[in-house]
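Order of appearance sets the numbers: ligands from 1, and atoms from 1 within every ligand.
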Amino acid sequence: MARTNRRWLLAERPTGMVGPEHFRFDQVPVESPGPGQVLVRSLWLSLDPANRAWLAPTPTYKSAVQPDEVMHGFALGRVEESGDPRLAPGDIVSGMLGWQDYATLPVAEVHKEPAGRDPRHAMGVLGVTGLTAYFGLLEVGQPKVGETVVVSAAGGAVGSIVGQLAKLAGCRVVGLAGGPEKCRWLEQELGFDVAIDYRAGNLRRAMKAACPDGIDVYFDNVGGDILATALFLMNERGRIVACGNLSQYNAERPAPGPMGVPGLVVVKRLRIEGFIVTDYYDRRAAAEAALTRLLASGQLKAVEDVVEGLEKAPATLVELFQGRNRGKLLIKVA
Ligand code: NDP
């Protein structure tokens, strides 16, 4: 019997907050791979703030999703059929498989995962998430022992790892997260020195109290008000790691840039540096090995939030922006 591919298409481009109404579910027969292609059964789908950014009409670091196209998404799956000797049925691969049960795509567009790795770790702490935290903090942020590191979206996928790595680097670590429970969890379970509930109001006073010696490294996942506040507390020669801008991904029009740029940047000799994790992929194997060691020794905790069912992808993406997740948010597709 012909296999069916269930998939989510972009129905309509959102202008403000993304919602389930912007997607359409359909089913089509599974496509067999041609020469140089593979057919991959999706197993785990990563939900990321960037999914929303890819729905804007302008391309980001990758092309924008077009209406009636399968929603783009990073996923891990199992090769079912192969039209290329480099991959065989049963191999585990990751790549832009999209929000669907099956993807038929060129072999060159997938990455073969090492055997024996927990697939949730491959999508989280040992995948894009962990590598983003690792290279962003250590290469761009260059934290030194005794310095103060602040990270926003601290309870999320990247932030929860940044905070732990900064502690391991000997820094004082302050996280920003939504709600008292998430903050308690960051302090008690993940070892943050202080976690600030950024929704509780009076952000500037709270950040000042949490950073009596100022901020040396601000790992910015969100942009917006938190970036604006952090800028005023930066120490001379401080580094701002521009990792993401998730407070603006659903905005109809991005908020204007923060006050103090360029004034404070000049006076305090700040470095604000953006990066994309793939910039560092020539050193991917060494970073994966380092993260694997930290995980195995128990010095680093992997945190994953798993939702079952491809059909829940749109609603779960909305919940991501409402702060539902602790750590890496994944959809278990099969
Ligand atoms: P998260 O797991 O952190 O998910 C989003 C979290 O952000 C939510 O749980 C929520 O937690 C918090 N949040 C939502 N809205 C806001 C807001 N308006 N202000 C502050 N916090 C908010 O996502 P990731 O860890 O996957 O991604 C973090 C950032 O890293 C994103 O900006 C992403 O685009 C970027 N990124 C960059 C890469 C690169 O190569 N440069 C690669 C991968 C990711 P709560 O509100 O409860 O705190």
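- If you check which protein heavy atom lies closest to atom 47 (O) of ligand 1, you get Lys182 NZ, 2.7 Å.
- Atoms of ligand 1 found under 4.0 Å from any heavy atom of Gly244 (numbered from 1 in listed order, with element): 32 (O).
- Leu320 and Val65 fall within the same hydrophobic cluster, defined by Ile, Leu, Val, Met, Phe, Trp and Tyr side-chain heavy atoms under 4.5 Å apart, directly or through other members.
- Looking at ligand 1, you'll find an N or O of Ala157 within less than 3.5 Å of one of its N or O atoms.
- In this structure, CD1 on Ile240 lies 12.0 Å from CD on Glu273, to the nearest 0.5 angstrom.
- Between Val277, Asn221, Val222, Val128, it is Asn221 that holds the heavy atom closest to atom 28 (C) of ligand 1.
- Checking Phe321, Phe135, Tyr198 against atom 17 (C) of ligand 1, the nearest heavy atom belongs to Tyr198.
- Ion pairing of Asp220 with Arg239 is absent here, as no side-chain N (NZ or NE/NH1/NH2) approaches a carboxylate O to less than 4.0 Å.
- In this structure, Met17 and Phe321 approach most closely via the heavy-atom pair CE-CB, 3.5 Å.
- Taking any N or O of Ala50, backbone or side chain, none lies under 3.5 Å from an N or O belonging to ligand 1.
- Checked by distance only, ligand 1 and Gly159 stay at 3.5 Å or farther apart across all their nitrogen or oxygen atoms.
- Here is the list of ligand 1 atoms found below 4.0 Å of a heavy atom in Arg199: 45 (P), 46 (O), 47 (O).
- Counting heavy-atom neighbours within 6.0 Å of Glu181 CD, excluding the residue itself, gives a total of 12 or less.
- Listed by atom number, the atoms of ligand 1 under 4.0 Å from Gly156 heavy atoms are 1 (P), 2 (O), 3 (O).
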Go through the steps for Glu288 and Arg284 under the test salt bridge (charged side-chain N to carboxylate O under 4.0 Å, His left out), then give the verdict.
CA-CA 6 Å; Glu288 283 179 1; Arg284 180 177 182 168; 3.0 Å; yes
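- By the 4.0 Å heavy-atom criterion, Pro49 is counted among the residues contacting ligand 1.
- For Lys332, the NZ atom sits in a loose shell: 12 or fewer heavy atoms of surrounding residues, nucleotides or ligands are nearer than 6.0 Å.
- With respect to atom 15 (N) of ligand 1, the closest heavy atom belonging to the protein is Leu246 CD1, 3.3 Å.
- Ligand 1 places these atoms under 4.0 Å from at least one heavy atom of Ala177: 48 (O).
- No path of Ile, Leu, Val, Met, Phe, Trp and Tyr side chains, each step under 4.5 Å between heavy atoms, connects Val40 with Leu330, placing them in separate hydrophobic clusters.
- Here the CZ-CD1 distance, from Phe219 to Ile161, works out to 10.0 Å after rounding to the nearest 0.5 Å.
- Within the listing of ligand 1, atoms 8 (C), 9 (O), 10 (C), 11 (O), 47 (O) sit less than 4.0 angstrom from a heavy atom of Gly323.
- In terms of protein heavy-atom proximity, atom 41 (N) of ligand 1 is nearest to Phe275 O, 2.9 Å.
- Comparing Leu131, Leu320, Asp220, Thr278 by heavy-atom distance to atom 6 (C) of ligand 1, the nearest is Leu320.
- The distance criterion of under 3.5 Å between nitrogen or oxygen atoms is not met by Lys328 with respect to ligand 1.
- Below 4.0 Å from some heavy atom of Asn245 lie the following atoms of ligand 1, by number and element: 32 (O).
- Residue Cys243 has at least one N or O atom closer than 3.5 Å to an N or O atom of ligand 1.
- Ligand 1 has no N or O atom lying under 3.5 Å from any N or O atom of Thr132, backbone or side chain.
- Which parts of ligand 1 touch Val158 is read off a 4.0 Å heavy-atom cut-off, strictly below it: atoms 25 (O).
- Side-chain heavy atoms closer than 4.5 Å link hydrophobic residues (I, L, V, M, F, W, Y) into clusters, and following such links, possibly through other members, connects Val149 to Leu190.
- A heavy-atom separation below 4.0 Å is found between Ile276 and ligand 1.
- Among all protein heavy atoms, the one lying closest to atom 34 (O) of ligand 1 is Tyr249 OH, 2.8 Å.
- Remark: ligand 1 and Arg324 share no N or O pair separated by less than 3.5 Å (distance only, no angle test).
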